[in-house]
Structures are given as C-alpha cells and as structure tokens.
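Working notes for the structure below.
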Number of protein chains: 2
Amino acid sequence: MAELSERKNQILASVVELYIKTGEPVGSKGLLAATGMNCSSATVRNEMNELDQLGYLIQPHTSAGRIPSEKGYRYYVDNLMMVRDIDEYTKRMIDAGISSSIGDPEKLVNSARELLADITKCACVSTAPVGETNLVRKIELVPVGRHTAMMVLLTSNGILKSRMCRVDGELNADILEKFYNLVKTFFIGKPSVDISLASVQTVAASVEEDYFIMLPLLAAVSDLAGSTGDSRLVIGGSSNLLALKDYGDSIASLLEFLSRKEPLNDVIHSYKGQLNVSIGSENRYKQLEDSSVVISKYSVNGDDSGTIGVIGPTRMDYENIIPSVRYLTDLVGRLITSALEE
Amino acid sequence: MAELSERKNQILASVVELYIKTGEPVGSKGLLAATGMNCSSATVRNEMNELDQLGYLIQPHTSAGRIPSEKGYRYYVDNLMMVRDIDEYTKRMIDAGISSSIGDPEKLVNSARELLADITKCACVSTAPVGETNLVRKIELVPVGRHTAMMVLLTSNGILKSRMCRVDGELNADILEKFYNLVKTFFIGKPSVDISLASVQTVAASVEEDYFIMLPLLAAVSDLAGSTGDSRLVIGGSSNLLALKDYGDSIASLLEFLSRKEPLNDVIHSYKGQLNVSIGSENRYKQLEDSSVVISKYSVNGDDSGTIGVIGPTRMDYENIIPSVRYLTDLVGRLITSALEE
DNA sequence: AATTAGCACTCGAGCAATAAGAGTGCTAAA
DNA sequence: TTTAGCACTCTTATTGCTCGAGTGCTAATT
C-alpha cells in the first residue's frame, strides 16, 4: 500500500469520517468547514482529485462531493483510524448488560450479541463456544414412556444437547444398563467429532441381541455428538439494518441472506486471525457487497472457541465498532474461562 | 353481520380474490373479464358502489378500482371463502418436510414452522409444547469443575432446560447428595409453575449448614422451572415479508416488532378458540395494523399445548393459508402425542 | 513550485405543466 | 332493473425548466 502525503491522509480520513457521520457525499467546502484545515477549498479539490485518481475516493456523479471507495475504507481502517480504547460509556453498557448472564456460557454469548447489536445498530452474529478438543463427558438417557426417552449429551466444554428418541421395543432397565455400558466403553471421553454415524454402526454391530432397539439410540448419540460440533450460530438485530438508508432495495436480499445459516456460517469461518474487518466486495458473497463484516474470535482457556461479529453497511462506524467488538470478545472469553475453571 | 344479496356476495368474493392474486385495485371491467359474470360493467359498478357505502370495499382514490376493507376481508373469511381441504400438493410438501423430525417434539415444531414459512411466503411463529400440567420429572446436576455444574431439568411433557451454575464453596459429593435430597423432597412431581424464587427460598431456609452453597443451586432450579413455562417462541421467515410490496415504509417497524419476543408472545396468547384469524386493526398492536394473523393451537394428548401461526399482509391468501395451518397444527399435535405416548 | 481566486461547466434534485389512461358516477334510454 | 354513453376525476409518467452544489481548469499570487 503506497504511502500518501500527510495532507492526503488527513483529507482522506476526514472524508471517511464525515461520510460515516452524515451519509452525504463530502465536498471540498464542507470538508474545510468541518475540519478547519489551513488551506483553501481549491487545494482540497486538487488533493481530492488525486485521491480520486488513485482510487481512494469516488464521486457518485460529477457535481456531488466524494465518498470513500472500498480501497479508501480499507486504507482508513488499516492506516488512518485512531486506534483507541473502547469508549468509556460503551464499556459500562457492556459490563452492566452482561453481568446478569455470567455463569452460563451460552447465555453469556447471547447477551453479548444482543448488546452489541444495540450498541452498533447493526446486525450481529455469534457462535456458541466449541472447541476442537470437545470430549463427550456424559450421556444420560431418561425414559419418558415405554418406547421413548430423552437423551442428553454433555461435552467437556459445557455444550449440552438433547433430543427425544423412540425405539420399537420396550425400554426397560436391562436395555438401559446395556446402553450405559456401551456409552461408557465407546463414547465417554472420546472427541465428539469422532462419533459419526458410521462409527456408531460399528458399535451397534457388537451388540448381539437387542440390536434393533439399540440402533436408534446409538443413532441419536451420533446425532447429538454431531450437533455439538455445529457452532450454533445465531443472528440478531437484523432489523436494525432497515433503519439505515445505505441499503436501497438490496436490503431484501441482504436480510434473506442473513436469515440463512449455512452461508453465514461460511462467512464467519472464512477469516483467519483474531479480529478481521472485511469491507464490501472483499466479502465473497454477492449479498454482502455493500456491507462490511467485523468478526472477532473469543478464546476459552486459550483456545479459539467461538465468534462474535457485526454486519453492517460499509459506511459503518469502524472507529467505535472495532474497539467494542474487541473488548466484548475479550470479556466473553475471560468470563467463560472463569466460569468453567476448576 | 347483515346478509348481502347473492350477487353482492359474488362480486365481493371476486374483488377479494382478484386483489389477493394481483395486488392491484379491481375495477368493474377487470372484474367482469376475470369472472365472466353475466351482466354489464355498469351493473357491477352500481353494486360496487353499494358495497363501498356498506363499508366492504374501499377505493384508494377516485379513479382507481376497489380493494377490500378490513370489514370486507372479515366478511370474506367468515362467509364467502371456499372452506376446502388443504391442497394436495401442499399436503405432500408438509408430510415430506416434516418426516425427518418425527420423534423430537421441539425439532418437529421447528420444522413445521419453517415449512409453513416456505409455503405461505409469510412470517411464521411457533411455540414449543407446554402444558398447564407440567410436572418436574427429573433434575440432574452434573459437576463441571470444582465450583461449577451443569443443571438439567426435565418436565413431564418433554421440555428440557439446562444452564450452568457456579457456587462459592466446593461442590463435593456431600453437597450433591444433600441437593438431590432436597430436589426429591420438594421438587420432583411438582408443577413447574409452582417453583418460584420465593418458594425456593423457603426450601433453602430449611438447610442449616451449607446454606450459601445451596442457595445459588436452588435459584438455578427456579430459573429453569420458570423457563419451562415461557413458551419458547420462535419466529421465522420474516424476510419473506420484504418481498411483498404491500408494506411500504412500515415494513421496518413491523420487522422490528416481530423481532421482539414479549409482544409477540402477547399476540399469540390473546386468542381464544382453536384457530383464529385476526385481520388488520383487529390486532391490538399498531404495528400489525396492515397485517393479518392466522393462529392455531396444536394439542398433545388432548390438551392445548403450543401454537403455530402465520403473520402476513391483510392481502394474504386466506383460502390456502388457513387450511394449511389447520392441517399442520393437527399433524404436529398428532405426531407429538404419538411420540410421547407410553 | 505550490497555493489560491475566479469562473464556466456539469449534473442531479425538485417542481410545474402536460398528456394519457383507467375507472368512476350519473343520466337517460331500454 | 339493467345498460349504454359520457363527462369527470384522479394517478402516473413524461417533459422541460430552474436552482444549487460542487467540480475542474486557468491564471494570478505567494
């Protein structure tokens, strides 16, 4: 990224900030009025013209002011933005809002996400904690009727999944005991990702009698184990985006996109690093071409465990949103770690 | 409701149906072309004029056709609409879509709701099964660390709730045993609604030593018991509404409304009867004044247990949506009943 | 060489005038 | 009671117009 002159930096930063604030294209005179720069509007115009040709600014039409291009936002985020700590007021809001959910990881992440949506006025996503090293800690089978039972599976990092299952034969104590023996031998302490439908069938094959009663139970185990891996993605605050005039008609396709889990999951997992800002068409999905995504991971016990992120217009308030996301993921990670500690 | 002449009935029905189909105000000539009625456009105009004065039709402006008023929709739904069985194709879609979720009540309701949203192209709500007679069946406390444990509460009709809790002292076998004794004595078999924070404190008072360890555990019990009562309302398909041109700018406030649980919960519970259609300003909430709500309850073992509903524009396709909702709630009720049966 | 003042130019937003078209209500005849 | 005919109303789309914001260029100034 070529360096720009000091004055160009200042002008670009001002254009970005003014445009983020007002939503109106920024003209030379308006910029001058807002910044009190020590030069004339003509000079600003000349500089803007060059920034234009370098691709940092765009003019929507000849007689309008400038708005930042994606390259402009990128340069701003990487080089110009004040890297500052979170705003004290926002910090207090977060601390207060999150306090009631301490203790339960999933609740904590949910409050954090809702809070972030309120603060940023954007849509926010979160995933509940998962770990690569996610071991099956306990499996319970609670009979509900003669043929049905509620199965509960708990993993080492506190994920709990449950479902009903139904068998054809009778669920008596004998069956239950056999089931618990299998569970103890084959599942407890194993990584939940290893419990696939195929591996479960191998286990079922070792059962001689009661094969047809055991099979649905074991299938349920693999279902639950599998679903502890899926990252339980939740999105909230989508309706915040409706209040913005940045999106025109494209808002419909954006919201439709955000309501589907698979692509969103893909978006979230396509970033490396701790905190990632993805601007406009840097996002792989067409539906996000007018949006920016700020994603950050939180770590439990030092391992990356889940994600919290903001999705909003490219014209989002990076300067405040980025520190908020950073602070929040940090806090969530620490709180979950301490909630789970021995 | 005053009876109308046969011809007025026919004209009103045609206006409603054409308007539902096209979204355009219906004029006398267009109506004639679409229905092949055996009279002239002038006659239709006269009739329409009277329907207008009776309040069944509205003209958006002088030189447009007519659209149904709320009273018109109401009369249509109550008296004119073909009461027919569900469309065979829709029925197949439902049967196929729902089959994979049989066995687990909560999954079942969720698939049903998603399915309904796809079919109706509207927003859909559902509540997971609850019963008035919801007894606590089992409480499990699984230690996770020295100070933390996962608590699981299961009710008689298959609702499972869980949360983490953290205590200040050490969670040893002794404490666990004491806890299970309390649970057995005071909670198992009791209606979950009776377990309030206040009642739990009475229980805690009976503990002499370990009071401060037991209190947070008991508080967690009341929290879980309380949350089995809240009906776990979920809304889906909101983004379907964006594709409709019925809502203008009001779409933003509608979607914001739909994203909040409390008022939606209120809406759902404000209806009596089995199946209820609420048109436009018949809804108590201002945000729903341009919408209709079709709500139906499903019954498990003969008791009303949960709700599935459709929220869409007043110009929704009542004739198909109502039978779909009826069929779906019926099916869901039957499937859950059989999944839970002894 | 950089900056600035001045000015002509461009383009979109907003507004009024106009034309076209759809649909009505009324009147008088069948 | 129904219908044909017609004048009338109102919306929508189009056009032409002005206004103003903002630019880019040129020439003068520092």
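Computed from a predicted model, the values in this text were never measured in an experiment. All chains are named by letter (A, B, ...) in the order of the sequence lines, taking the proteins before the strands, and each is independently numbered beginning at 1.
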- Query: Quick one: are B:Ile94 and B:Ile86 in side-chain contact, heavy atoms under 4.5 Å?
  - Reply: yes
- Query: Contact boundaries of DNA chain D with chain B (under 4.0 Å, heavy atoms), 5' to 3'?
  - Reply: D:dT2 to D:dT11
- Task: Output yes when A:Arg74 and A:Glu70 qualify as a salt bridge under the 4.0 Å nitrogen-oxygen rule, no when they do not.
- Result: no
- Considering residues, nucleotides and ligands other than B:Arg92, do more than 12 of their heavy atoms fall under 6.0 Å from its CZ? no
- Message: Short of 4.0 Å, heavy atom to strand atom, which residues of residues 34-53 of chain B count as contacting DNA chain D?
- Response: B:Cys39, B:Ser40, B:Ala42, B:Thr43, B:Arg45, B:Asn46
- With a 4.5 Å heavy-atom cut-off, do A:Asn240 and A:Cys122 have their side chains touching? no
- Note on the structure: Correct closest heavy-atom pair for B:Val16 and B:Gly72 would be CG2-O, 4.5 Å
- Message: Does B:Tyr271 form a side-chain contact (heavy atoms from CB on, under 4.5 Å) with B:Val293? I'd like the steps, not just the answer.
- Response: CA-CA 10 Å; B:Tyr271 303 121; B:Val293 181; 3.9 Å; yes
- Nearest non-hydrogen partners of B:Cys39 and B:Val44, listed with the distance: SG-CG2, 3.9 Å
- Query: Atom CG of A:Leu32 and atom C1' of C:dT4: how far apart are they, to the nearest Å?
  - Reply: 12 Å
- Return yes if the base of C:dC11 and the side-chain atoms of A:Ser63 contain a donor-acceptor N/O pair under 3.5 Å, otherwise no. yes
- Query: Are more than 12 heavy atoms from other residues, nucleotides or ligands located less than 6.0 Å from atom CD of A:Glu88?
  - Reply: yes
- Query: How long is the line joining CZ of B:Arg66 and C1' of C:dG23, in whole Å?
  - Reply: 9 Å
